[in-house]
Amino acid sequence: MWRWIMLVGLFVCLSEPVCGWTQDDGAITKIAFGSCANQNRPCPIWEVIADYKPQVTVLLGDNVYADSIGGRSEPATPERIAEAYRALLSVPGFARLKESTQLMATWDDHDYGDNDVGREWIHKDASALRLHDFLGTPTDSPRRLQKGVYQAQVFGPPGRRIQVILLDTRYFRSSLPQAAEPLPGWRSRPYVKQSGPEAEMLGAEQWTWLEEQLRVPAELRILGSSIQVLSDEHPFEMWGNFPDERQRLFDLIRACEASGVVILSGDRHLGEISYDMEAVGYPLFDVTASGLNQGHQGWRSPEPNSKRYAAMPFGNHFGTIEIDWKEPGPMVLLQLRKEDGQVSVEAQVPLNLLVAEPAPLPVPMGVLGTKEVLEKNVGDEVVVQFYVRGGRDLARPKRVLLNSDRSIESPRNLTVVLQETAFSGERIDANLQTFLHKTVRAKGKVTLYNGRKQVEVLQPKDIELIAR
Ligand SMILES: [Fe+2]
């Protein structure tokens, strides 16, 4: 009888994806995330997130409000932090979610223990232990002895790996004084921007650890920060208050050639997706999901944010990432969902757009860069070497366009056209994917198309992939 029950159970597990909540190969396809959940108020959205059945759930901070007593703010004690986590664990919807997902969490100020506080917080080590107790970190785990609660984990098989990196933006963060007066149009006094070696967001140990993590192989990297990284025109806490530290983060992502980075953030009691095309050499998204039950009730005029892609200026919400691992181009959906679970705003991001650019390869004598080719005359024969940032496959007749710039409209862009005759022998099946995000050397004649110079390649031997 027991053997039968076990066999039936095994069959259900193998055939029903919900049981194992992963694809057959263990790839993650659904991640939920959010922040700002006051345990003293109802939080029905936990039930909705549990119903969504995320394989991984990321809490980005202010996961409880330990510094809130009867609606008034007061620095927490370790006992009150523990009590707040116990209250969250006793919420049936959250308990159901925790049972059925892989839960990861960092903290922000209200669960750390005091509003907008940094490394000066007296209970920071005690608070870290309360967070580990809440998460169920094993008692012998070295993470319980670590200074700060940063952590990382890789999920999924090679080729479909998702790395979740959670930063600690509190434990090491240097002090952040407020200005005497509000900015025009704001009620809150802004923080005074901090620069120089004394101004720290992550601290030396965490920076070293982050560099190691960014070199770990992964196809998609979720970088969780309790506070916003890109949006920086508001007077509240953000990486923009530490401009050198933020630039260091961008420079580190570039230096590690870390592809696939998507930032998640919280803290702001609003939902929005921001993006920056220049920061790391590929589109960098910062998805802010901040209001599990602390979202703005009613519509709120979106604040200035020149990096905004889309806003959700109303209501409680949570974020989701859905990954379709289809070949050859996986698609990543970055979503903000309402309290009923419906998608409110979404960015569809092809994963092969988020590719780090390698350091340029040396160009041999007699070979030109794209800038020099654009200065040549129509009809000149050239050999050009460049990194392929974009392009297009065309049919009837088959041609492939290789662009040196992500935007074909850019005045810096040079297009190399591989004509139909360039596809024979080994190159017969070549297409854009063969050359995209690689360095190529092309030989051909400069021609004009729609008033723009291009280089036409006619033979397979005249287009070469250059290895590092
Ligand atoms: Fe916060």
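Worth saying up front: this structure is predicted, and the values here are computed from it rather than measured.
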Colleague: Test of understanding: with side chain to side chain donor-acceptor pair (under 3.5 Å), list the residues that count as partners of R173, not counting sequence neighbours.
Modeller: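 Expected list: E237.
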Colleague: Any luck finding a side-chain donor-acceptor pair between H269 and R300 under 3.5 Å?
Modeller: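 There is no such pair between these side chains.
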Colleague: For the CZ atom of R170 and the CZ atom of R119, what is their distance to the nearest 0.5 Å?
Modeller: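 Going from CZ on R170 over to CZ on R119, the span is 13.5 Å.
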Colleague: Which heavy atom in S188 sits nearest to a heavy atom in F236, and how many Å separate them?
Modeller: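 Between these two residues, the closest heavy atoms are OG-CE2, 3.2 Å.
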Colleague: Would you say that E272 contacts S290 through its side chain, given a criterion of any heavy-atom pair below 4.5 Å between the two side chains?
Modeller: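 Of all side-chain heavy-atom pairs linking S290 with E272, none is under 4.5 Å.
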Colleague: Which heavy-atom pair separates S410 from D405 by the least distance, and what is that distance?
Modeller: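 Looking at all heavy atoms of both residues, the closest pair is OG-OD2, 3.4 Å.
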Colleague: To the closest 0.5 Å, what do you measure between CD (E47) and CG (L97)?
Modeller: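 Result: 9.5 Å between the selected atoms.
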Colleague: What I want to check is whether the side chains of E198 and S174 have a donor and an acceptor closer together than 3.5 Å.
Modeller: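 No, no side-chain donor-acceptor contact under 3.5 Å.
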Colleague: Using a 4.5 Å cut-off on heavy atoms from C-beta on, say whether the side chain of E212 contacts that of T208.
Modeller: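 In short, these two side chains touch, coming nearer than 4.5 Å.
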Colleague: Does any part of the side chain of M201, heavy atoms only, come nearer than 4.5 Å to the side chain of R248, both counted from C-beta?
Modeller: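 Side chain of R248 against side chain of M201, heavy atoms only: no contact under 4.5 Å found.
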Colleague: Between CZ of R308 and CD1 of I273, what distance do you get to the nearest 0.5 Å?
Modeller: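 Answer rounded to 0.5 Å: 11.0 Å.
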Colleague: Would you mind reporting whether Q247 and D244 have side-chain heavy atoms less than 4.5 Å apart?
Modeller: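 D244 vs Q247: side chains apart.
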Colleague: Taking all atoms of both residues into account, what is the closest heavy-atom pair of L220 and G260, and its distance?
Modeller: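 Closest approach of L220 to G260, heavy atoms only: CD1-O, 3.3 Å.
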Colleague: Let me know which of W209, W107, Y171 forms a ring-ring contact (aromatic ring centres under 6.0 Å, His included) with Y150.
Modeller: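 When ring-ring contact (aromatic ring centres under 6.0 Å, His included) is applied between Y150 and each of W209, W107, Y171, only W209 qualifies.
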Colleague: If you count every heavy atom of other residues, nucleotides or ligands that lies below 6.0 Å from R406 atom CZ, does the total exceed 12?
Modeller: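 Yes, the 6.0 Å shell around CZ holds more than 12 heavy atoms from other groups.
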Colleague: Passes side-chain contact (heavy atoms from CB on, under 4.5 Å), Y85 versus Q39? Steps please.
Modeller: CA-CA 8 Å; Y85 282 128; Q39 75 287 354; over 6 Å; no
Colleague: Take the angle between the ring planes of F318 and Y52 and call it parallel below 30°, perpendicular above 60°, tilted in between.
Modeller: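 Perpendicular.
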Colleague: What distance do F386 atom CZ and N413 atom CG have between them, rounded to the nearest 0.5 Å?
Modeller: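 The CZ atom of F386 sits 8.5 Å away from the CG atom of N413.
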Colleague: Under a 4.0 Å N-O cut-off, is there an ion pair linking R144 with D133?
Modeller: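 Here R144 pairs with D133 in a salt bridge, since their nearest N and O are under 4.0 Å apart.
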Colleague: Main chain of S404, side chain of R389: is a donor-acceptor contact present, judged purely on distance under 3.5 Å?
Modeller: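 Flag set: sc R389 to bb S404 pair under 3.5 Å.
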Colleague: If you look at every heavy atom in L60 and T106, which pair is closest and at what distance?
Modeller: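 Answer, listing the atom of L60 first, then T106: O-CG2, 3.8 Å.
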Colleague: Could you check whether R337 pairs with E322 (Lys NZ or Arg NE/NH1/NH2 to Asp/Glu carboxylate O, under 4.0 Å)?
Modeller: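 Yes, this pair counts.
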Colleague: Are any side-chain N or O atoms of S225 and backbone N or O atoms of I227, one a donor and one an acceptor, separated by less than 3.5 Å?
Modeller: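 Checking the backbone N and O of I227 against the side chain of S225, a donor-acceptor pair under 3.5 Å is found.
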Colleague: Cut-off 3.5 Å, side chains only: do E200 and W207 have a donor facing an acceptor?
Modeller: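 Their side chains do not contain a donor-acceptor pair, so the 3.5 Å distance test is not met.
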Colleague: Does F242 offer a backbone N or O that forms a donor-acceptor pair with the side chain of Q194 under 3.5 Å?
Modeller: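 Pair absent, no side-chain N/O of Q194 close to backbone of F242.
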Colleague: Could you please spell out the steps behind the side-chain hydrogen bond (donor to acceptor under 3.5 Å, both in side chains) verdict for E233 and S306?
Modeller: CA-CA 8 Å; E233 290 150 59; S306 55; 2.6 Å; yes
Colleague: Considering only NZ, NE, NH1 and NH2 on the basic side and carboxylate oxygens on the acidic side, decide whether K307 and D286 come within less than 4.0 Å.
Modeller: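 Salt bridge absent between K307 and D286.
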Colleague: Is the closest side-chain heavy-atom distance between R187 and P182 below 4.5 Å?
Modeller: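 The answer is no; the side chains never approach within 4.5 Å.
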Colleague: Taking the side chain as C-beta and beyond, is there a heavy-atom pair between K338 and M312 under 4.5 Å?
Modeller: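 K338 vs M312: side chains touch.
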Colleague: Could you walk me through whether Y112 and L131 satisfy the side-chain contact (heavy atoms from CB on, under 4.5 Å) test, starting with their C-alpha distance in whole Å, then the side-chain angles of each, then the deciding distance to 0.1 Å, before giving a yes or no?
Modeller: CA-CA 9 Å; Y112 185 49; L131 175 58; over 6 Å; no
Colleague: Are the side chains of W239 and I263 in contact, using a 4.5 Å heavy-atom criterion?
Modeller: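 No, side chains not in contact.
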Colleague: Can you see whether N316 engages Q297 through a side-chain donor-acceptor pair at a distance of less than 3.5 angstrom?
Modeller: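 Judged by distance alone, the side chains do pair up.
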Colleague: Compare every heavy atom of Y65 with every heavy atom of A37, then report the nearest pair and how far apart it is.
Modeller: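 Closest heavy-atom pair between A37 and Y65: O-CD1, 3.6 Å.
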Colleague: Do S226 and T169 meet the criterion of a side-chain donor-acceptor pair at a distance under 3.5 Å?
Modeller: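 Judged by distance alone, the side chains do pair up.
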Colleague: Go through R221 and Q163 one step at a time and tell me if the side-chain contact (heavy atoms from CB on, under 4.5 Å) criterion holds.
Modeller: CA-CA 5 Å; R221 299 172 199 275; Q163 181 189 32; 2.7 Å; yes
Colleague: Would you compute the distance between atom NZ of K438 and atom OH of Y387 and round it to the nearest 0.5 angstrom?
Modeller: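 Separation between the atoms: 9.5 Å.
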Colleague: Is Q335 reaching over with its side chain to a backbone N or O of E346, donor-acceptor style, under 3.5 angstrom?
Modeller: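 No; zero donor-acceptor contacts below 3.5 Å.
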Colleague: Is it the case that the side chains of S35 and D108 hold a donor-acceptor pair, with the cut-off being a distance below 3.5 Å and no angle test?
Modeller: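 The criterion, which ignores hydrogens and geometry beyond distance, is not satisfied for S35 and D108.
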Colleague: Verify, without hydrogens or angle tests, whether K326 (side chain) and G329 (backbone) share a donor-acceptor contact under 3.5 angstrom.
Modeller: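 It does hold such a pair.
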Colleague: A quick test of your reading: do over 12 heavy atoms of other residues, nucleotides or ligands sit less than 6.0 Å from CZ of R143?
Modeller: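 Yes, because the 6.0 Å sphere around CZ of R143 holds more than 12 heavy atoms from other groups.
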Colleague: With sequence neighbours left out, write down each residue that passes side chain to side chain donor-acceptor pair (under 3.5 Å) with K98, or none if nothing qualifies.
Modeller: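 Once residues adjacent in sequence are excluded, K98 has no partner under the side chain to side chain donor-acceptor pair (under 3.5 Å) criterion.
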Colleague: Over all heavy atoms of both residues, which pair between A105 and L135 is shortest? Give the atoms and the distance, please.
Modeller: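 What the structure gives for the nearest pair is CB-CD2, 3.9 Å.
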Colleague: Taking atom CD as the centre, does E181 end up with more than 12 heavy-atom neighbours from other residues, nucleotides or ligands that are less than 6.0 angstrom away?
Modeller: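 No, CD of E181 has 12 or fewer neighbouring heavy atoms, counting only those of other groups under 6.0 Å.
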Colleague: Would you say Q206 and D168 are linked by a side-chain donor-acceptor pair, where the criterion is simply a distance under 3.5 Å?
Modeller: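 No, because no side-chain N or O of D168 sits under 3.5 Å from a partner of the opposite role on Q206.
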Colleague: Walk me through it: do Q294 and H110 pass the test side-chain contact (heavy atoms from CB on, under 4.5 Å)?
Modeller: CA-CA 12 Å; Q294 296 286 103; H110 298 295; over 6 Å; no
Colleague: If we ignore angles and hydrogens, is there a donor and acceptor under 3.5 Å between the side chains of D111 and N63?
Modeller: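 Note: D111 and N63 side chains meet the donor-acceptor criterion.
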Colleague: Among V355, V261, N352, whose side-chain contact (heavy atoms from CB on, under 4.5 Å) with Y282 holds?
Modeller: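 Of the listed options, the one satisfying the test is V261.
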Colleague: Looking at residues at least two apart in the chain, or sitting in another chain, which of them share a side chain to side chain donor-acceptor pair (under 3.5 Å) with T288?
Modeller: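 In terms of side chain to side chain donor-acceptor pair (under 3.5 Å), with neighbours along the sequence ignored, T288 is linked to Q228, S265.
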Colleague: Got a second to check how far Q151's CD is from Q213's CD, nearest 0.5 Å?
Modeller: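 It is 10.5 Å, given to the nearest 0.5 Å.
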Colleague: Is a side-chain donor or acceptor of R130 paired with a backbone partner of A126 at a separation under 3.5 angstrom?
Modeller: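 Checking the backbone N and O of A126 against the side chain of R130, a donor-acceptor pair under 3.5 Å is found.
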Colleague: Would a distance-only check, ignoring hydrogens and angles, find a side-chain to backbone donor-acceptor pair under 3.5 Å from D393 to L432?
Modeller: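 Present.
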Colleague: So do the side chains of N431 and D429 get within less than 4.5 Å of each other, counting heavy atoms only?
Modeller: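 The answer is no; the side chains never approach within 4.5 Å.
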Colleague: Please answer whether the main-chain N or O of L103 pairs with a side-chain N or O of T57 as donor and acceptor at a distance below 3.5 Å.
Modeller: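 No, T57 side chain to L103 backbone: no donor-acceptor pair under 3.5 Å.
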Colleague: Angle between ring planes, F94 versus W46, binned at 30° and 60°: parallel, tilted or perpendicular?
Modeller: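 Because their plane-to-plane angle is over 60°, the rings of F94 and W46 count as perpendicular.
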